Amino acid sequence: MIVEVRSYRIKPGHREEFVELFKTRAMPALRSHGMKILGPLLDVENPNKFVWLRSFPSLEERDRMKDAFYGGELWKNELEKIAMPLLESYDVILCETASGYVCDGPLEEDVTASDNLTKAAT
């Protein structure tokens, strides 16, 4: 599996706005192209930092999925114009899982149930 560790430095005072955009618009679109997402992760020491991970079955699938997302109408005509002005900079570390890789994160249904509870409460 291929994993990108993506670290974004958000312009001061805009992290909450960026996270909301990420959760409500970018994450569903990324997932619709087959990417697996872990995040958003908020840096507890830097209020302007945001981290997230996305994974792909292979490098070839990574290229295909990224091309589909970034070449799509939603990114080109909407999200890019909103998201990019909120960023000061970003870094991407491209990783490959090692033999014996373990992921003890929440199950997909746990995340979905949690999201549904959050939506119901608002």
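FYI, the numbering just counts along the sequence from 1. This is a predicted model, so every value here is computed, not measured.
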Would Lys23 and Glu20 count as a side chain to side chain contact (heavy atoms under 4.5 Å, CB included) if you check the C-alpha gap in whole Å, the side-chain angles of each, and the deciding distance to 0.1 Å? CA-CA 5 Å; Lys23 289 187 330 188; Glu20 187 63 24; 4.0 Å; yes

Under the criterion side chain to side chain contact (heavy atoms under 4.5 Å, CB included), I'd like the reasoning laid out for Lys66 against Arg54: C-alpha separation, chi angles, the key distance, then a yes or no. CA-CA 11 Å; Lys66 285 179 61 179; Arg54 66 179 173 186; 3.7 Å; yes

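Side-chain atoms of Met35 and Phe56, non-hydrogen and from C-beta on, do get closer than 4.5 Å to each other. Side-chain atoms of Met27 and Pro40, non-hydrogen and from C-beta on, do get closer than 4.5 Å to each other. Proximity of Leu53 to Leu41: side-chain heavy atoms (C-beta onward) are separated by under 4.5 Å at one or more points.
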Taking distance alone, no hydrogens or angles, what donor-acceptor pairs closer than 3.5 Å link side-chain atoms of residues 78-96 to residues at least two apart or in another chain?
{"unit_1": "Glu78", "atom_1": "OE1", "unit_2": "Arg25", "atom_2": "NH2", "d": "3.4"}
{"unit_1": "Glu78", "atom_1": "OE2", "unit_2": "Arg25", "atom_2": "NH1", "d": "2.4"}
{"unit_1": "Glu78", "atom_1": "OE2", "unit_2": "Arg25", "atom_2": "NH2", "d": "3.0"}

Would you mind writing out the side-chain donor-acceptor pairs for residues 45-52 within the sub-3.5 Å range, not counting sequence neighbours?
{"unit_1": "Asn46", "atom_1": "OD1", "unit_2": "Asn48", "atom_2": "N", "d": "2.8"}
{"unit_1": "Lys49", "atom_1": "NZ", "unit_2": "Ser7", "atom_2": "OG", "d": "3.3"}
{"unit_1": "Trp52", "atom_1": "NE1", "unit_2": "Tyr8", "atom_2": "OH", "d": "3.4"}

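When the side chain to side chain contact (heavy atoms under 4.5 Å, CB included) test is applied to Ser32, no partner is found at least two apart in sequence or on another chain. For Arg6, the salt bridge (charged side-chain N to carboxylate O under 4.0 Å, His left out) partners are Glu4, not counting sequence neighbours. Here Glu60 pairs with Ser58 under the side chain to side chain contact (heavy atoms under 4.5 Å, CB included) rule; sequence neighbours left out. Under the salt bridge (charged side-chain N to carboxylate O under 4.0 Å, His left out) criterion, Arg9 pairs with no residue at all, not counting sequence neighbours.
Relative ring orientation between Phe69 and Trp75 is described as tilted, the plane-to-plane angle lying within the 30° to 60° band.
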